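Below: one structure, written as structure tokens.
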Amino acid sequence: MDEYFSPIHTYQVCNVMSPSQNNWLRTSWIPREGARRIYIELKFTLRDCNSMPGVLGTCKETFNMYYYESDRDVGSSIRENQFIKIDTIAADESFTGVDLGVRRLKLNTEVRGVGPLNRRGFYLAFQDIGACIALTSVRVYYKHCVGVSRNLAVFTDVVTGADSSSLVEVRGQCVDHAEERDTPKMYCSAEGEWLVPIGRCVCSAGFEEHRESCEPCEVGFYKPAAGDGVCGKCPQHSHSETRAAVSCPCDSNYYRAADDPPAAVCSRPPSAPVNVISSVNGTSVVLEWDRPLDTGGRSDLQYGVLCQKCSVEGPCEDCTASPGFIPRHTGLMEPRVTVLNLVAHTNYSFCILATNAVTHLSNEASPCAIVNITTNQAAPSEVLAIRQENTSQNSVILLWHEPNQPNGVILEYDVKYYEKIQEGNYKSDNMYCIHCGYSKAFQDSDEEKMHYQNGHVSFPDARFYIDPHTYEDPCQTVHEFAREIEASRIKIEKIIGSGEFGEVCYGRMRLPGKRDAAVALKTLKAGYTEKQKKDFLAEASIMAQFDHPNVIHLEGVVTRSKPVMIITEYMENGSLDAFLRRHDGQFTIIQLVGLLRGIAAGMTYLSDLGYIHRDLAARNILVNSNFVCKVSDFGLSRVLEDDPDAAYTTSGGKIPIRWTAPEAIAYRKFSSASDVWSYGIVMWEVMSYGERPYWNLTNRDVSMV
Ligand code: ACK
């Protein structure tokens, strides 16, 4: 009976009374089956020698265990001395006769390991040397590490090593759709346990890890490279149609640039730039625009400008290569370009394109914002390549071609010459100019026509100012010169003063393709007479003929709706007399002279056009935010009626006595010369910061002086 009272078979021996016992029990041949080290678990009982009287000297309490290796079953031919001893086995617990009385055996369990084994099989043997024992079971086994998956690598079942401390290195194989990062390895210990995992596998592109296996990315997801990462959702405007996608191709009409990563959203070319504004200045134009409304989902916007030159006679021709684009015409990072050296009085059409890094991938033509401009009058370009002929002691003939860009009809040429003292050395203009000077030559001139005089010459004016009163209908006249502006383009913001015909207001004007501009609005008050309207619009007709930085600039007129308005540039600092009084003593002499220089330039321009102002005074000069002075107030009647400083003369006319030249006061001889007199008074006003000319002298006294 075992400890559970089940009947068992045992091998027993108990020759404790007889000396020199040598009893052997041998197993049958046990095939090794790949085991390197085997374990033998013995279960046995052993009777305590002390519990048996008269056995002293012959009774033993141990037995020996042996093994013998062989490649085949050799049966009983093995001699005792061929067995190799494994160990002497003693009982942890032995039993006495009393134990037997209750039929309880004290079962001992002992385990021993043997290795390395090399032959195909082995025998075990037990030697009794005089003990009282019963061997109830012998279990023979070996240990192995059970196959596992670790770090996405499969480690197969492996038998442990030959001795108790050896480790068996096992190389793992990556699971399906995984690849090695570092060679996966583990060690199988003698106890059959896996130790020290090294290296690993990672899921391939298109697959992600799910409990020690690699599963494909679902449709609409992708994984671009092998690694620990999970499948990502396809970026915006891209898709994947199958599982296990490694990339997401772009939806139609969307693209990825060559250096966009697979995770980048797909993008498309931008729409056209918007709100293009052109500012023409002579033969150059500044083009500015706003970013496209649709940037295509990218931030690498660039702009390019194409140029078309259109003449009335023929078709337009490409001119992208010819004018000077500053900074350049393609690859512009800022929404602005300046185009120089255009031909004067010519129509140009510019196409402004926005591009990004995917523009070239699209088959569709890039939409462009078109702006048409007409260039203005401009000075001709330089005369190049002068030839000289028939040089004699005191004459020379100079020949040249018309400049590349005449910018209109050339009226005359200036020839300036200097005395040459030494080879390569010229006397400078102002310091040594004794025999130097100007000559002027007309186009197609020959030497007879060419004349020369000492000093500076003034040239005849190409254009004369036209008195609008020579026309019948003021409304028709004004449109000969000034453009009509739709009232909806104007926003009146505040009243800044009052003029002869109505309020003067500040407002904003927004013209198509132009930037919002501050303007001054002179209004014609309701209930006006036809004569008043005619006089009011006459000022606009006059102003419209002027184009000079020191003469107030007319933007246009509103005549087709009420109130009738004259729109001019806005002059932030108002009229010069009040401006000077507000800043009494605050400017340097140079600054004051700078103001006067501007007024002189404006007046020179007006007199060159044949226009006589008649009321030049600081109150009729306006000053802008850059302290630029501009001549204003071009009404005709106002010389007589409007000016508060005008007084009736003995001849009945109303004249601004303190500013007016004596001959104009005396017999109304107004001329550019009398304007020069008034300019002298303005000089006095400026230098005295807006003092009243002749202080408190009466008009009568002044005219007597
Ligand atoms: O001295 P001010 O401020 O400047 O007051 C007068 C007022 O309107 C009546 O003429 C002002 N004014 C006239 N034209 C303009 C203009 N273009 N810009 C600014 N202010 C103007 C003037």
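Sequence positions, counted from 1, serve as the residue numbers for this chain. In listed order, ligands and their atoms are each counted from 1. Just so you know, these numbers come straight off a predicted model, no measurement behind them.
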Tabulating one pair per line, provide the atom names and distances (0.1 Å) for every N/O atom of ligand 1 that is less than 3.5 Å from a protein N/O atom.
| residue | atom | partner | partner atom | Å |
| --- | --- | --- | --- | --- |
| ligand 1 | 1 (O) | Ser575 | N | 3.2 |
| ligand 1 | 1 (O) | Ser575 | OG | 2.4 |
| ligand 1 | 4 (O) | Ser575 | N | 3.3 |
| ligand 1 | 17 (N) | Thr568 | OG1 | 3.2 |
| ligand 1 | 17 (N) | Glu569 | O | 2.9 |
| ligand 1 | 18 (N) | Met571 | N | 2.9 |

Report yes or no: does Tyr679 contribute a side-chain atom to a donor-acceptor pair with the main-chain N or O of Leu596 at less than 3.5 Å?
-> yes
Answer yes or no: is there a side-chain heavy-atom contact under 4.5 Å between Thr283 and Asn341?
-> no
Might you work through the salt bridge (charged side-chain N to carboxylate O under 4.0 Å, His left out) test for Glu539 and Lys522, ending with a clear yes or no?
-> CA-CA 11 Å; Glu539 181 174 10; Lys522 278 192 172 184; 3.4 Å; yes
State, without any angle test, whether Ser284 and Asn281 hold a side-chain donor-acceptor pair at a distance under 3.5 Å.
-> no
With respect to His548, which candidate in Tyr465, Tyr605, Tyr611 satisfies the ring pair (Phe, Tyr, Trp, His ring centres under 6.0 Å) definition?
-> Tyr605
Is a side-chain donor or acceptor of Lys525 paired with a backbone partner of Glu500 at a separation under 3.5 angstrom?
-> yes
